[in-house]
Amino acid sequence: MFLLHTYDMGLIVQKFGGSSVADAEGMKRVAARIVATKRAGNQVVVVVSAMGDTTDELIDLANQITPMPTGRELDMLLTAGERISMALLAMAISNLGHEARSFTGSQAGVITDSAHGRARIIDVTPGRIQEALKEGAIAIVAGFQGISQDTKDITTLGRGGSDTTAVALAAALDADVCEIYTDVDGVFSADPRVVQQARKLKSVTYEEMLELAASGAKVLHLRCVEYARRFELPIHVRSSFSTNEGTWVVKNHPEGGTMEKAIIAGIAHDKSEAKITIVGVPDRTGVAARIFQAIADSDINIDMIVQNVSAAATGLTDISFTLPKSEGGDATAVLQKIQGEVGFKSIQYDDQIGKISLVGAGMRSHPGVTATFFAAMSEAGVNIEMISTSEIRISIICRATDVERGVKAAHTAFELDADSPEAVVYGGSGR
Ligand code: ASP
Ligand code: MG
């Protein structure tokens with residue numbers, strides 16, 4: 001059983017996403033919730049995201065001024081979204097008779113490297129937050145931002161980065177728990193927007209959550225899970241629109257929990273990747289190294305790689321790999337540059353692919369998961385184009401148009417379907 005949520009006095013970090021504070025009403029609802037936690041005797045630190053679609057709107061606005069804003073100025077602009085939220089939330093809390101003080105990421109001591117738009121947190125020195133708590137105030141921190149140690153410029157942590165702010169602060173403050181409030185009731189066995197019968201998970205391990213987040217599940221930012229695992233900080237993912245118990249992200253499934261028996265924790269899908277096939281590559285030592293070195297030198301992240309057996313007659317082979325669509329243009333350009341040197345025939349670019357991933361620690365001890373998965377895909381008429389596996393994950397690439405059908409079929413094949421729909425989607429943005 002879980003004892004974690006029965007603490008009576010502690011330090012709690014609560015993070016509210018953009019859909020929870022989309023308007024003044026939302027701010028007030030969230031403020032009431034924060035105050036209730038404080039009244040229950042806890043010290044409370046709140047991390048907040050920009051209201052609704054503010055971040056997207058700010059990006060659009062920047063793009064209307066220039067197609068290529070500099071990282072420094074774009075970060076300065078985007079962090080304004082979270083500053084609006086933190087100040088309004090502090091006002092809403094003070095209206096309820098409690099003292100709240102808002103802090104920018106920099107004031108809260110979130111120190112990062114200087115990679116604008118995807119900065120990594122290197123240290124958290126939350127002196128001012130501790131001071132505010134000691135004086136009985138609720139601390140509100142702007143998520144998604146920090147200050148570069150070298151340049152002293154304001155940075156952002158990448159889209160969805162407020163989760164990471166919350167977990168990093170919780171770790172630095174030695175909090176009892178980090179609660180991530182979102183617009184669904186927790187982590188589900190599949191995206192409830194796709195699978196109506198998706199089940200809410202009572203618990204999920206850091207390891208499983210990392211694989212799910214890396215495979216396209218949008219409920220938590222990948223780096224936030226990495227951080228939580230490093231510090232063994234429990235995360236409670238739940239809805240700000242209900243008081244339902246959500247999903248606990250923890251080191252091990254609790255004893256006696258039903259998840260122990262489940263083979264598959266969840267199914268994630270991702271339509272944000274593209275596939276590049278390099279056709280007619282000479283099958284010689286060092287060629288693959290040359291190709292992927294060129295890709296790595298351009299800071300392009302690749303996901304799956306498949307190399308075919310070379311045709312005996314020609315000694316030529318094909319190499320395919322997947323990567324974020326947003327990096328497809330750069331990757332193609334890099335490959336064209338080395339085409340003459342490497343001597344391959346051509347490059348094919350395909351952005352109509354999707355990925356389906358099955359994740360579960362139980363896979364380790366259960367043979368036959370792959371067979372069940374592939375049989376379900378075949379029955380659903382989903383053609384498998386690429387496969388990759390880890391110890392606790394199987395992913396396939398298929399046509400983008402087949403993804404939803406494939407996810408539903410796999411969900412049914414692994415008996416994950418709930419008897420009646422469990423998921424309520426309160427917001428709409430998926431964050
Ligand atoms: N506001 C930022 C974004 O939309 C950060 C976040 O929501 O976590 O990506
Ligand atoms: Mg957001």
Side-chain angles (χ1 to χ4, degrees), residues 13-23 26-27 30 45-63 69 71-89 102-106 108 110 112 115-121 124 140-147 154-171 178-184 187 209 212-214 216-228 235-241 249 270 272 324-326 425-431:
V13 174
Q14 301 187 316
K15 179 260 172 178
F16 294 92
S19 53
S20 297
V21 291
D23 50 24
M27 287 282 177
V30 163
V45 176
V46 176
V47 172
V48 70
S49 296
M51 297 172 72
D53 297 326
T54 303
T55 308
D56 290 311
E57 287 159 15
L58 291 172
I59 293 172
D60 282 350
L61 197 54
N63 288 335
R72 182 187 190 281
E73 299 312 328
L74 189 60
D75 276 357
M76 192 61 108
L77 176 71
L78 297 188
T79 54
E82 270 70 12
R83 291 179 71 140
I84 293 172
S85 295
M86 73 181 192
L88 290 172
L89 194 53
S102 65
F103 298 92
T104 63
S106 155
V110 180
T112 71
H116 285 292
R118 54 185 166 96
R120 276 180 181 272
I121 297 178
V124 182
I140 316 282
V141 178
F144 168 65
Q145 54 183 276
I147 180 167
I154 297 300
T155 53
T156 64
L157 310 179
R159 296 307 304 272
S162 299
D163 293 348
T164 301
T165 306
V167 170
L169 258 177
C178 180
E179 296 184 330
I180 304 267
Y181 285 90
T182 178
D183 56 8
V184 290
V187 181
M209 197 62 233
L212 286 168
K218 283 176 206 61
V219 65
L220 285 179
H221 198 230
L222 180 60
R223 288 213 191 132
C224 122
V225 188
E226 288 171 352
Y227 230 100
I235 301 180
H236 187 187
V237 183
R238 57 196 308 196
S239 168
S240 72
F241 296 81
V249 188
D270 188 358
S272 67
K325 275 181 194 159
S326 54
V425 180
Y426 303 92
S429 68
R431 284 219 60 83

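Below, each value reflects all heavy atoms present in this structure, side chains not excepted, and no hydrogens, waters or symmetry copies. Whatever order the structure lists ligands and atoms in, that order sets their numbers, starting from 1.
Backbone and side-chain nitrogen or oxygen atoms of Asp163 are examined, and none is located within less than 3.5 angstrom of a nitrogen or oxygen of ligand 1. Where the criterion is an N or O separation shorter than 3.5 Å, residue side chain and backbone included, Gly160 meets it with respect to ligand 1. The shortest N/O to N/O separation between Arg159 and ligand 1 falls below 3.5 Å.
Residue contact check for ligand 1: His221 places no non-hydrogen atom closer than 4.0 Å to it. Ligand 1 lies out of reach of Gly143, whose nearest heavy atom is not under 4.0 Å from it. Distances shorter than 4.0 angstrom do not occur between any heavy atom of Gly81 and any atom of ligand 1.
In terms of heavy atoms, Cys224 sits closest to Ile235 at SG-CD1, 4.1 Å. Across Ala142 and Glu82, no two heavy atoms sit closer than the pair CB-CB, 3.7 Å. Heavy-atom minimum distance, Ile59 versus Arg159: CD1-NH1, 3.6 Å.
The salt bridge (Lys or Arg N to Asp or Glu O under 4.0 Å) test applied to Arg120 returns no partner, not counting sequence neighbours.
With Thr155 contributing its side chain and Gly146 its backbone, the two residues share a donor-acceptor pair below 3.5 Å.
Contacts between Ser49 and ligand 1 below 4.0 angstrom, taking non-hydrogen atoms only, involve the side chain exclusively.
None of Val46, Thr165, Val47 except one satisfies the side chain to side chain contact (heavy atoms under 4.5 Å, CB included) rule with Lys15; the exception is Val47.
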